[in-house]
Protein chains: 2
Amino acid sequence: MSETVYFEDVEIGSALEFGPVTSSRDEIIAFAAEFDAQPFHLSEEAAAKTHFGSLSASGWHTTALFMKMFVAKMQAGGHQDASLGAMGVDELRWLRPVRPGDTLRGTSEVVEKKASRTRPEMGIIKSKVTIFNQQNEPVMTLKPIALFRTRPH
Amino acid sequence: MSETVYFEDVEIGSALEFGPVTSSRDEIIAFAAEFDAQPFHLSEEAAAKTHFGSLSASGWHTTALFMKMFVAKMQAGGHQDASLGAMGVDELRWLRPVRPGDTLRGTSEVVEKKASRTRPEMGIIKSKVTIFNQQNEPVMTLKPIALFRTRPH
């Protein structure tokens with residue numbers, strides 16, 4: 001088990017690489033059928049009539065796959081123990097379609113950290129995340145605003 | 001079948017109400033197990049040791065439930081036919097935990113629209129969305145940036 005990484009231990013500029021994950025056609029359609037049942041996420045025929053051209057994953061599926069990769073990385077590196085979730089996300093952008101069988105990976109870099117004004121037991125960490133496909137094209141960017149436990153005194 | 005709502009038909013200030021949807025404990029845990037396996041989204045015991053206090057849904061589950069409600073509303077109102085997905089989301093904020101059995105609903109209001117600089121067949125519509133729980137407390141806000149088909153000439 002790794003040592004716990006607390007708010008104080010996270011440095012601005014520190015970077016993580018995470019993934020890969022591959023999502024199948026069945027998984028893409030199943031996610032869309034449950035949460036984002038727009039025709040272009042459900043069938044090739046409907047997608048061909050739009051700028052997507054062919055079947056692509058719901059953008060919310062891509063965010064969920066980012067989280068899956070990121071949590072696995074945090075848990076492998078001891079960051080999990082101090083994670084207290086997130087306040088939100090800024091500037092989420094879906095740049096390219098994610099297709100069935102695409103293999104995604106990601107990078108994150110800490111860009112800002114600050115103490116919580118109201119809760120001394122936690123701090124706020126802002127990162128910049130980019131998700132790439134197997135051609136190294138960025139498919140999504142976002143700036144999560146995470147909460148981390150401060151070191152116990 | 002409703003008449004198609006194109007980019008030109010969407011007015012700034014126009015509002016939609018959508019939902020409700022209720023997510024069970026089993027669904028919350030299943031989503032977290034697949035995409036956001038942090039302990040406080042998986043067990044009451046782990047959640048009790050954090051500021052969450054008790055089991056709560058992954059924020060990405062809440063965004064997916066927003067999309068589920070919103071797509072159903074669009075499909076009921078003819079908006080679906082012109083939807084071309086979204087470029088992204090600004091200022092996503094998770095304000096309160098979503099608990100097992102919470103019943104969510106949402107409101108959206110169009111705050112900005114502009115023609116695409118590069119693609120005359122589509123336009124950009126920015127909205128402000130708020131998701132409420134059954135106590136009418138806001139649990140999440142976000143500003144989606146959607147793409148809509150322009151009226152064929």
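By convention in this document, chain letters (A, B, ...) are assigned in the order of the sequence lines, proteins followed by strands, and residues within each chain are numbered from 1.
Neither the backbone nor the side chain of Leu95(B) comes within less than 4.5 Å of any heavy atom in chain A. For Glu34(A), the parts sitting under 4.5 Å from any heavy atom of chain B are the backbone and the side chain alike. Using a 4.5 Å cut-off between heavy atoms, Met122(B) contacts chain A through its side chain alone, with no backbone atom that close. Only the side chain of His61(B) comes within contact range of chain A, with at least one heavy atom under 4.5 Å from a heavy atom of that chain. Neither the backbone nor the side chain of Ala72(B) comes within contact range of chain A, judged by heavy atoms closer than 4.5 Å.
Linking Ile, Leu, Val, Met, Phe, Trp and Tyr residues whenever their side-chain heavy atoms come within less than 4.5 Å places Met140(A) and Leu16(A) in a single cluster.
A donor-acceptor contact under 3.5 angstrom links the side chains of Thr103(B) and Thr22(B), judged on distance only. Between Glu109(A) and Ser14(A), the side chains place no donor N or O within less than 3.5 Å of an acceptor N or O (distance only, hydrogens not considered). When only modelled atom types and interatomic distance are considered, Thr150(A) and Glu8(A) share no side-chain donor-acceptor pair under 3.5 Å.
Using cut-offs of 30° and 60° on the angle between ring planes, the pair Trp60(B) and Trp60(A) is tilted.
When each of Ser56(B), Ser58(B), Ser23(B) is tested with Ile28(B) by the rule side chain to side chain contact (heavy atoms under 4.5 Å, CB included), just one qualifies, namely Ser23(B).
With respect to chain A, the highest number of heavy-atom pairs below 4.5 Å among Leu142(B), Val21(B), Asp36(B) belongs to Asp36(B). By number of non-hydrogen pairs under 4.5 angstrom with chain B, the leading residue of Phe66(A), Phe31(A), Phe70(A) is Phe31(A). Among Arg149(A), Lys143(A), Met69(A), Met67(A), the residue with the largest count of heavy-atom pairs under 4.5 Å with chain B is Met67(A).
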